[in-house]
Amino acid sequence: MAIPGHIDPVPVPRPQVASDDARVDILGLSREAIRDALLEAGLDERQAKLRAKQLWHQMYNRGATDFDAMSDIAKPQRAWLAERFKVGRPNTVVQQVSTDGTRKWLLKTDDGHDFEMVFIPDADRGTLCVSSQVGCTLNCRFCHTGTMRLVRNLTPGEIVGQVMLARDALGEWPSQPEGRMLSNIVMMGMGEPLYNFDNVRDALKIVMDGDGIGLSRRRITLSTSGVVPMMEKAGAEIGVNLAVSLHAVTKEVRDEIVPLNRKYGIEELLQACADYPGANNARRITFEYVMLKDKNDSDEDARELVRLIKKYKLPAKVNLIPFNPWPGAPYECSSDERVNRFSDIVFEGGISAPIRRPRGRDIMAACGQLKSAAEKKSRAELDKLAEEKLAALG
Ligand code: SAH
Ligand code: SF4
């Protein structure tokens, strides 16, 4: 069966938000949608436009969630708004802090699904790793999220809500142009962002909007496992940095560890990278490469990686990710010596290949370790699920 564009390849239940709160949550709506909601609630055209502008500023520049705190709006108007609307946040179930300062949040949607986000502080930057889906339709063999079913796509409000919540926690309101703790965003949490294209695009548009959070597209990276038909559209309509989870250089190995490769092969994927709008030497494409012992980590693999990147003349760098283990994972991480050697070969080929230091492993917050705690499965169940997901890929 085909994966039709950004439509989910596997039919999934989409429960409606079960809430006894009839107010409309305006977080994640576009300016136009907020204006329309105000019109529908009875404001005239001029008022609706003005209020939408004020609300946008209050929500995304000031971080306000309470209409009463919106001092530029007249008091009776604030009460009127509060009766009909709200500014939501994802619900926090637990927050954990790693010994290295990494923070992980287990979050819950209003209809009761768990998902995760991670904040990784560094000396010169702070990166928020944002989820796009609850679970994932794909089943990369080394990824913990891949052992979950796709429960549902996150809405724009739930995606942008992660950024809002992190900034609440960091005390980063109002938005400042410089010196932010949350300086970068990576769409590398749970899920495949290009299978939830519209919602990810709409959320990132809000994050980049200059009248609100105002984070530059150069500080945002979208990671895909290789959904080729959506890559050009992503470049054109979102325009953020691209990271591609390559992880292998032969069909045999990539078919095994990134099963989407059976649908969109390596050469097709690299061609889509070459065609990605906006990629150049100043804005290189990142190839992520997870180091799996005796699977994809030979000298020959490293040389082939260099050859492929050169063949497609890609402005690229390679991020080598030591495999982060999780309970029941079928692989082991390559030795330090192997990872160093691999990195050296790629460097010698003229391509930057830093080794990513794992962060937050002690709280299962590192790459590929995210998975809702409620979703525990036996090995046999995992294998059955993997087969089902593969069958769906055709
Ligand atoms: N679905 C997207 C984004 C989320 S995964 C994608 O696959 O690109 C973010 C990154 O973590 C990807 O490069 C993914 O391959 C990598 N990853 C997954 N499991 C991992 C693990 N156990 N150890 C190290 N990296 C892992
Ligand atoms: Fe999904 Fe990415 Fe994990 Fe693959 S690596 S299963 S695409 S989240």
Side-chain angles (χ1 to χ4, degrees), residues 3 6 8-10 115-118 120 127-151 153-154 159 185-197 200 220-228 230-231 234 240-248 254-264 269 273 285-293 295-297 318-334 339 355-361 364-372 375 382 385-386 389-390 392-393:
I3 296 179
H6 60 282
D8 303 325
V10 181
F115 62 108
E116 299 182 9
M117 80 173 182
V118 178
I120 308 142
T127 306
L128 187 70
C129 180
V130 171
S131 291
S132 56
Q133 301 182 307
V134 181
C136 189
T137 38
L138 301 171
N139 184 240
C140 303
R141 294 281 287 169
F142 50 84
C143 174
H144 207 196
T145 307
T147 65
M148 290 174 72
R149 274 173 211 286
L150 175 70
V151 179
N153 286 330
L154 291 174
I159 297 169
I185 289 178
V186 292
M187 294 303 302
M188 294 188 188
M190 292 166 68
E192 168 50 58
L194 295 189
Y195 276 143
N196 185 16
F197 186 88
V200 167
I220 303 175
T221 300
L222 184 150
S223 175
T224 179
S225 55
V227 185
V228 167
M230 299 306 289
M231 285 169 56
V240 297
N241 303 319
L242 182 68
V244 172
S245 295
L246 190 62
H247 304 315
R254 197 162 192 269
D255 275 358
E256 176 190 327
I257 67 179
V258 184
L260 185 64
N261 194 64
R262 298 174 195 189
K263 185 141 189 59
Y264 311 116
L269 176 57
C273 291
I285 293 174
T286 304
F287 287 104
E288 293 160 288
Y289 200 99
V290 63
M291 298 300 295
L292 303 173
K293 186 175 179 184
K295 183 51 71 182
N296 62 356
D297 62 353
V318 174
N319 252 345
L320 298 176
I321 317 174
F323 169 66
N324 291 308
W326 38 272
Y331 302 108
E332 275 177 65
C333 184
S334 314
V339 180
I355 300 161
R356 199 191 280 171
R357 195 162 44 100
R359 300 289 303 268
R361 269 190 182 174
M364 290 288 285
C367 301
Q369 292 185 312
L370 301 185
K371 180 179 174 196
S372 316
E375 283 266 339
L382 290 180
L385 180 62
K389 288 193 180 189
L390 281 180
L393 284 175

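Numbering of ligands and ligand atoms starts at 1, following listing order. Because the structure is predicted, anything quoted here is derived from the model rather than measured.
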Is any side-chain heavy atom of Phe197 less than 4.5 Å from a side-chain heavy atom of Val227?
-> no
Judging by distance only, is a nitrogen or oxygen of Ile321 under 3.5 angstrom from one on ligand 1?
-> no
Would you mind running through ligand 1 and noting each atom that sits below 4.0 Å from a heavy atom of Asn324?
-> 21 (C), 22 (N), 23 (N), 24 (C)
For Leu138, the atoms of ligand 2 under 4.0 Å from one of its heavy atoms are 6 (S), 7 (S)
Touching ligand 1 at all, Gly191? Heavy atoms, strictly under 4.0 Å?
-> yes
Taking heavy atoms and a distance under 4.0 Å, where does Thr224 meet ligand 1: side chain, backbone, both or neither?
-> backbone
for atom 21 (C) of ligand 1, nearest protein heavy atom and its distance come out as Cys367 O, 3.2 Å
Which heavy-atom pair separates Phe142 from Phe323 by the least distance, and what is that distance?
-> O-CE1, 3.3 Å
Please test Thr221 against Thr127 for side chain to side chain contact (heavy atoms under 4.5 Å, CB included), starting from the C-alpha separation and ending with a verdict.
-> CA-CA 10 Å; Thr221 300; Thr127 306; over 6 Å; no
Which residue owns the protein heavy atom closest to atom 19 (N) of ligand 1, what's the atom, and how far is it?
-> Gly368 CA, 2.9 Å
Check whether any side-chain heavy atom of Ser223 sits under 4.5 Å from a side-chain heavy atom of Ser245, and report yes or no.
-> yes
Report the nearest protein non-hydrogen atom to atom 2 (C) of ligand 1: residue, atom name, distance rounded to 0.1 Å.
-> Ser223 O, 3.4 Å
State, with a plain yes or no, whether a side-chain heavy atom of Met187 is found less than 4.5 Å away from one of Ile159.
-> yes
Option with minimal heavy-atom separation from atom 13 (O) of ligand 1, where the choices are Pro193, Ser245, Pro325 = Ser245
Sub-4.0 Å heavy-atom approach of Gly191 to ligand 2 | yes
Quick one: does Asn196's side chain have a donor or acceptor within less than 3.5 Å of a partner on Ser132's backbone?
-> yes
Does ligand 1 have any atom that is closer than 4.0 Å to a heavy atom of Tyr331?
-> no
Do any N/O atoms on Phe142 end up under 3.5 angstrom from N/O atoms on ligand 1?
-> yes
Donor-acceptor contact present, side-chain His247 to main-chain Arg254, <3.5 Å = no
Considering only heavy atoms of Trp326, which atoms of ligand 1 have at least one such atom less than 4.0 Å away?
-> 22 (N)
Between the main-chain N or O of Ile220 and the side-chain N or O of Asn241, is there a donor-acceptor pair closer than 3.5 Å?
-> yes
Does the side chain of Leu138 come within less than 4.5 Å of Pro259's, by heavy atoms?
-> no
By number and element, which atoms of ligand 1 are closer than 4.0 Å to a non-hydrogen atom of Gly189?
-> 4 (C)
Compare all side-chain heavy atoms of Lys295 with those of Ser334 and state whether any distance is below 4.5 angstrom.
-> no
Counting only N and O atoms by type, is there a donor-acceptor contact under 3.5 Å from the side chain of Asn296 to the main-chain atoms of Ala248?
-> no
Nearest protein heavy atom with distance in Å, relative to atom 1 (Fe) of ligand 2 | Cys136 SG, 2.3 Å
4.5 Å side-chain heavy-atom contact, Val318 and Leu246 = no
To which protein heavy atom is atom 4 (Fe) of ligand 2 closest, and what is the distance rounded to 0.1 Å?
-> Cys140 SG, 2.3 Å
Between Ser131 and Leu154, does a side chain to side chain contact (heavy atoms under 4.5 Å, CB included) hold up when you go through it step by step?
-> CA-CA 8 Å; Ser131 291; Leu154 291 174; 4.0 Å; yes
Starting from atom 3 (Fe) of ligand 2, which protein heavy atom do you reach first, and at what distance in Å?
-> Cys143 SG, 2.4 Å
Return yes if some donor-acceptor pair links the side-chain N/O of Glu288 with the main-chain N/O of Ile321 below 3.5 Å, else return no.
-> no
Just let me know how Val290 lines up against ligand 1, side chain, backbone, both or neither, with a heavy-atom cut-off below 4.0 Å.
-> side chain
So is there a nitrogen or oxygen of His144 less than 3.5 Å from a nitrogen or oxygen in ligand 1?
-> no
If you measure from each non-hydrogen atom of Met190 to ligand 1, which part falls under 4.0 Å: side chain, backbone, both or neither?
-> neither
Close-contact set for ligand 1 against Cys143 heavy atoms, below 4.0 Å = 18 (C), 19 (N)
Of Ser131, Pro193, Gly189, Ser225, which has the heavy atom at the shortest distance from atom 7 (S) of ligand 2?
-> Ser225
Option whose closest heavy atom lies nearest to atom 14 (C) of ligand 1, chosen from Met188, Glu288, Arg356, His247 | His247
